[in-house]
Amino acid sequence: MRGTRWMTIAAATLVLSVAPLRAHHAFAQEFDEKKPLKLHGTVTKWELINPHSWIHMDVKDADGKVVNWMIEGGSPNNLFRYGFTKESLPPGTEIIVEGYQAKDGSPRAVGKNLTFTDGRRLFLSGNGSGPGEPEK
Amino acid sequence: MRNRLDSLQVVVTATILILAAAPAVAQGQAYKAPRTADGHPNLNGIWQAMNTANWDIRPHAASMGPVSALGAEFSTPGGLGVIDGDDLPYLPAAAAKQKDNYANRLKLDPEVKCYLPGVPRATYMPYPFQIVQSSKTIMFVYEYAGGVRTVDMEKVTKAPADSWMGWSVGKWDGDTLVVDVTSLNDQTWFDRAGNYHSDALHVVERYTPRSPDTLMYEATVDDPKTFSRPWKITMPLYRHVEKNAQLLEYKCPEFAEEVLYGPLRKKPNNN
Amino acid sequence: MNRRCVLVIVLAAVIVSLAPGPASAQALAAAKATGTWAPPRTAEGVPDLQGIWANATSIPLERPKELGAKEFYTDEEAAARQKKSDEQAEEAVGGRQTQPGTVADVHYDLAQYGLARFQSKAAASKRTSLIVGPDGQIPTLLPDAQKRQTERAAANRGHQWDGPENRGLSERCILWPNEGPPMMPVGYNGNLEIVQGEGYVAIMQEMIHDVRVIPTDGRPHVSPRIREWMGDSRGHWEGNTLVVDTTNFTDRTAFRGSSEKLRVTERFTRTADDTLTYQFTVEDPTTWAKSWSAEIPIAKTAGPIYEYACQEGNYGMANILSGARATERKAAEEAAAKKSSN
């Protein structure tokens, strides 16, 4: 065998092992599908940790009070491989988060869709290339 | 007169014999370690520190542990100290925080939660670690919590973010392996006594073969947010020479579950 | 029948009886790396397996039933399968597959983090399943093993959210399936680093930073009193192949329902500069009537491996339990309200 042809893999028909993609029913214990939300705020801290990264952000609620939210995301390890660093999302950055709130009512959510205020996606666009593109 | 000459003869002979038997460490001649096949000092092996630094890196006497139910079994043994000096050069605010850490060490010591010990604490946890040495990469495998560090011997790179075990880059300085450790997070402690650091921590380690079965370990700690000047830790590391020595698993997450999640159980245990 | 005939028959019988499982052994032999590529050697003179490798693959473990005994796709079929996969990936982009307001939608978008399956590269392979041989399936569980599994599931039913012990090993940051052994492909971060020192081969998995430091000096396994999550591994070289024998598993490792009698034999052969052919045979006479084997191509990947400090960052466990307690409180409040209104 002279060499190895690289092959990209798609979201396959048969999923071999889903351990890191936490079983949906476990996520469903943390976050409430009946509590969707959209948050607009500024980043205070970006925890680049495993098994999930967390964006901390200040959000002004309806009364003008500032509440600090924790937004759950994915493992940052592949972001590092794409060239992202801890400097890629500095404190003070304005972002918009669409997701679902924690079941226990605390200011915590899973971030489904993350964008800058101009609509560009944070991190990677859907097809996995470079910095985000606005959603079509 | 005669007795004096005899005594002198004995002393001279004894001295010659003693000097002849001394290892090559005498007379300022450094020990030269055997080489690996690619010509570098061979540090492969299973090593362990033999001191009480993990309890307290400063000089300290024996004292009561934080859990009275464990009595003498979990009391703190004394230690001559592994630092250069009698105390750590904390900045005033940091000194206060260390005292607070000590008072609350049962709650705050990351070791209780089975968290990775960071550098240099991983070196002197009272458990073995293994050096697996190749030319391009030297891997440090720590028994405690399955900690691991890979030291890049070829290129100097930067970490994208902080981590528990830091980012290690190595080079040879004669017979000494020098490891530069950066990007350590601020979550680890130096010991169980609450000695701690910030995320500005920078550690430079030196591993020098001292004899066939010992290394001299020196770590220079630099953290301008916490200390007024850099300081050093020094200790010998001893090779495990028993037949078939090996690291065993020490996967401790399940031992920390009650501490971390006990109150969140459906039926909390009565303590 | 002459004497030679008898001898051949006897020999054949002996060989068959010694084989772990005829289909398995023959299949592995057929799958064994051929060709004349000679791997580079380390300074110690053993084959050099070092580097950073990825075991991502889209090939399923078990063969789709409709394919029967077909072990390999033709080039055209493999290309067609790939095309279908890519088309499905497009649909999965941006999480458009899930409906808002459903449980399935409650997840961060993997593709934004580079964690979607289509964002993993893999070594090419025309296999129809990772399991080798005409069968292509894991053997059925023996009755005792089936009973063990059923009892375990029954004991946990209604208690899955009681406490950390009721959660899986991955959620508890104890052990992940990619670690094994055997090392199974996983959705992302399926990276490993191999470093060889004198008399040892160290295999580090990115998740959860566990290292198997495998001695190749022929020493025996540790005492049977010592049971480990990843077992106790011993290696030796057979030509260009590193053969690793692992025993001493705990009874909670339970790979595919196995017991502490699990024994895994792995074979690592560098079959190209950028490819490791990884084969494994799994046996447990209390779980399966016969052993079964698989082959996974492992591809060289750009490093480095990043720290995966699972225990340290495990907010998830606290959040899951807290969420479960909140659900119970809500249910209790609703029940009490109903009662008082009656």
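Just the heavy atoms: all of them, side chains too, but no hydrogens, waters or symmetry mates, feed the values below.
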Inset, instruction - Report the distance from atom OH of C:Y308 to atom CH2 of B:W164, rounding to the nearest 0.5 Å. - result: 15.5 Å
Legend entry - Heavy atoms from other residues, nucleotides or ligands near CD of B:E242 exceed 12 (cutoff 6.0 Å): yes
Inset, instruction - Quick one: which of C:D162, C:L321, C:I305 has the most heavy-atom pairs under 4.5 Å with chain B, could you say? - result: C:D162
Inset, instruction - Using a 4.5 Å cut-off on heavy atoms from C-beta on, say whether the side chain of B:Q246 contacts that of C:D232. - result: yes
Inset, instruction - Identify the residues of residues 212-225 of chain C whose heavy atoms come closer than 4.5 Å to a heavy atom of chain B, ordered by number, or report 'none'. - result: C:V213, C:R219, C:P220, C:V222
Legend entry - Portion of C:N166 that has a non-hydrogen atom of chain B nearer than 4.5 angstrom: neither
Legend entry - NZ/NE/NH1/NH2 to OD/OE distance under 4.0 Å, C:R252 and B:E254: yes
Legend entry - Max heavy-atom pair count under 4.5 Å with chain C, selected residue of B:T36, B:T157, B:L248: B:L248
Inset, instruction - Would you check, one step at a time, whether the test side chain to side chain contact (heavy atoms under 4.5 Å, CB included) holds for C:E165 with B:R265? - result: CA-CA 10 Å; C:E165 303 80 6; B:R265 289 183 194 288; 2.7 Å; yes
Legend entry - Residue B:Q133 versus chain C: region with a heavy atom under 4.5 Å: backbone
Inset, instruction - Sort out for me which of B:A161, B:S135, B:C114, B:G262 touches chain C most, counting heavy-atom pairs under 4.5 Å. - result: B:C114
Legend entry - C:E307 (side chain) donor-acceptor with B:G166 (main chain) under 3.5 angstrom: no
Inset, instruction - Apply side chain to side chain contact (heavy atoms under 4.5 Å, CB included) to the pair B:M139 and C:V211, showing each step before the final yes or no. - result: CA-CA 10 Å; B:M139 194 181 262; C:V211 187; 3.9 Å; yes
Legend entry - Top contributor to chain C interface from B:I131, B:D38, B:L116 [non-hydrogen pairs under 4.5 Å]: B:L116
Inset, instruction - For residues C:Y306 and B:P160, determine if any side-chain heavy atom of one lies less than 4.5 Å from a side-chain heavy atom of the other. - result: yes
Inset, instruction - Assess the side chains of B:N185 and C:E312: does a donor N or O sit below 3.5 Å from an acceptor N or O? - result: no
Legend entry - Closest heavy-atom pair and its distance - C:G197, B:V132: N-CG1, 3.4 Å
Inset, instruction - Output the option from C:G163, C:A309, C:A202, C:A318 having the highest count of non-hydrogen pairs under 4.5 Å with chain B. - result: C:A318
Legend entry - Evaluation steps, side chain to side chain contact (heavy atoms under 4.5 Å, CB included), between C:N314 and B:Y261: CA-CA 11 Å; C:N314 200 6; B:Y261 314 117; 3.8 Å; yes
Inset, instruction - Flag the pair B:P253 / C:Q311 as yes when at least one side-chain heavy-atom distance between them is below 4.5 Å, and no otherwise. - result: yes
Inset, instruction - Go through the atoms of B:N42 and report whether side chain, backbone, both or neither lie under 4.5 Å from a heavy atom of chain C. - result: side chain
Legend entry - For B:K251 against C:I174, the heavy-atom pair lying closest together: NZ-O, 2.7 Å
Inset, instruction - Count the heavy-atom pairs under 4.5 Å between each of C:E328, C:Q50, C:E44 and chain B, then report the option with the highest count. - result: C:E328
Legend entry - B:V148 backbone acceptor or donor facing C:H209 side chain under 3.5 Å: no
Inset, instruction - Would you mind telling me which of B:N44, B:D152, B:N244 has the largest number of heavy-atom pairs within less than 4.5 Å of chain C? - result: B:N244
Inset, instruction - Considering only heavy atoms and a distance below 4.5 Å, find which of C:T42, C:I226, C:V195 pairs most often with chain B. - result: C:V195
Legend entry - Considering all heavy atoms, the nearest C:E198-B:A37 contact: OE2-N, 4.5 Å
Legend entry - Minimal non-hydrogen separation, C:E193 against B:T137, with atom names: OE2-CG2, 3.9 Å
Inset, instruction - Working to the nearest 0.5 Å, report the span between CH2 of C:W229 and CD of B:E249. - result: 8.5 Å
Legend entry - Part of C:R172 lying under 4.5 Å from any heavy atom of chain B: both
